[in-house]
Amino acid sequence: TKEEKNPYECQHPPYKVLMVSKSPLVIYIKDFITKPEREHLLNLAKDTFTRSAVTGRQAHNAIRTSQSTSVKRDDLVRCIESRALAFQGYDVPASHLEPLQLVKYGPSERYNFHTDWFTSDQHTSEGGNRVSSFFAYVQVSNGTTGGGTNFPRLEAPSHDRWCDEGIVDCDEAWDKGVTFKPVEGNAIYWENLGVDGRGDERTLHAGLPVLSGGKVGMNIWTRERALGKKTRGEDL
Ligand SMILES: O=C(O)CCC(=O)C(=O)O
Ligand SMILES: [Fe+2]
């Protein structure tokens, strides 16, 4: 096959970072996942999506209507993992990463307001809490409307470039915080825990309903401590 003739080589794209908030730390990343990577991820996940599970005190079925799947690790997935770790300053070992998760939304599907950090000990006993989140847009169908990622407790950046570059939804009301439009390849990074290690309520966010089209996103979650092989998968 083509793959055997051209062995995969991990190359990181020259992504661009834009700070959104210093506290909580929120960084917007342009071109974090390349087109060949996005295609590969979608291929890996094809036919494996199931109704998304929600954990913790917010576990009502209605709040997450999307479908999700965790991605089997291969060299390309390892490359993205290494990028996520490098972004965080190299010090976090790969064993602290949850398996990459893809989330798929069709029309009217959404993920209501939640935090990515856990509120119950049941979920933190292995690996601790989620230190940080990357949410990357892997696929946004042509003509998609809605489907933004909204952080109601953050202040929207005000420079026109955020609007003009199609990153921030500037039609959103001021009192609604910031809504990032789904843009393929781009990602949002944020820290979930305060210095005291407790969940930061200001990281509340939602995947707004897709009105038309569709979106596939990817979560990369970093935990406080190493995860076991059962959660993380055999090869670390
Ligand atoms: O779909 C989005 O924009 C956000 C999804 C999300 O927050 C999550 O999967 O935890
Ligand atoms: Fe989330």
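Counting convention: from 1, in listed order, for ligands and their atoms alike. Computed over heavy atoms, backbone and side chain alike; hydrogens, waters and symmetry mates excluded. All values derive from a computational prediction rather than experimental measurement.
- Here Glu37 pairs with Arg83 in a salt bridge; the nearest charged N to carboxylate O distance falls below 4.0 Å.
- Under the side chain to side chain contact (heavy atoms under 4.5 Å, CB included) criterion, Ile188 pairs with Val26, Tyr28, Tyr137, Thr149, Phe151, Phe180, Trp190, sequence neighbours left out.
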Write out each pair where an N or O from ligand 1 and one from the protein are under 3.5 Å apart, with the distance.
unit_1	atom_1	unit_2	atom_2	d
ligand 1	1 (O)	Tyr105	OH	2.6
ligand 1	1 (O)	Lys215	NZ	2.8
ligand 1	3 (O)	Thr149	OG1	2.5
ligand 1	3 (O)	Lys215	NZ	2.8
ligand 1	7 (O)	His114	NE2	3.1
ligand 1	7 (O)	His205	NE2	2.9
ligand 1	9 (O)	Arg64	NH2	3.4
ligand 1	9 (O)	Asn219	ND2	2.8
ligand 1	10 (O)	His114	NE2	3.1
ligand 1	10 (O)	Asp116	OD1	3.2

- Message: Go through it in stages, so that I can follow the logic: the residues are Phe32 and Phe134, the test is ring-ring contact (aromatic ring centres under 6.0 Å, His included), and I'd like the CA-CA distance, side-chain angles, deciding distance and then a yes or no.
- Response: CA-CA 10 Å; Phe32 195 59; Phe134 290 86; 5.3 Å; yes

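- Each of Thr50, Thr48, Asp47 was compared with Thr69 under the side chain to side chain donor-acceptor pair (under 3.5 Å) criterion, and only Thr48 meets it.
- Salt-bridge check for Glu184 with Arg38: passed, with a basic side-chain N closer than 4.0 Å to an acidic carboxylate O.
- Annotation: disulfide bond (SG atoms under 2.5 Å apart) contacts involving residues 90-152, sequence neighbours excluded, are absent.
- Nearest heavy-atom pair across Phe49 and Val216 is CZ-CG1, 4.4 Å.
- Under a 4.0 Å N-O distance rule, the pair Glu191/Lys22 does not qualify as a salt bridge.
- Note on the Fe ion (ligand 2): protein N/O/S atoms under 2.8 Å are His114 NE2, Asp116 OD1, His205 NE2.
- Ring orientation note: the planes of Tyr15 and Phe87 are tilted relative to one another, at an angle of 30° to 60°.
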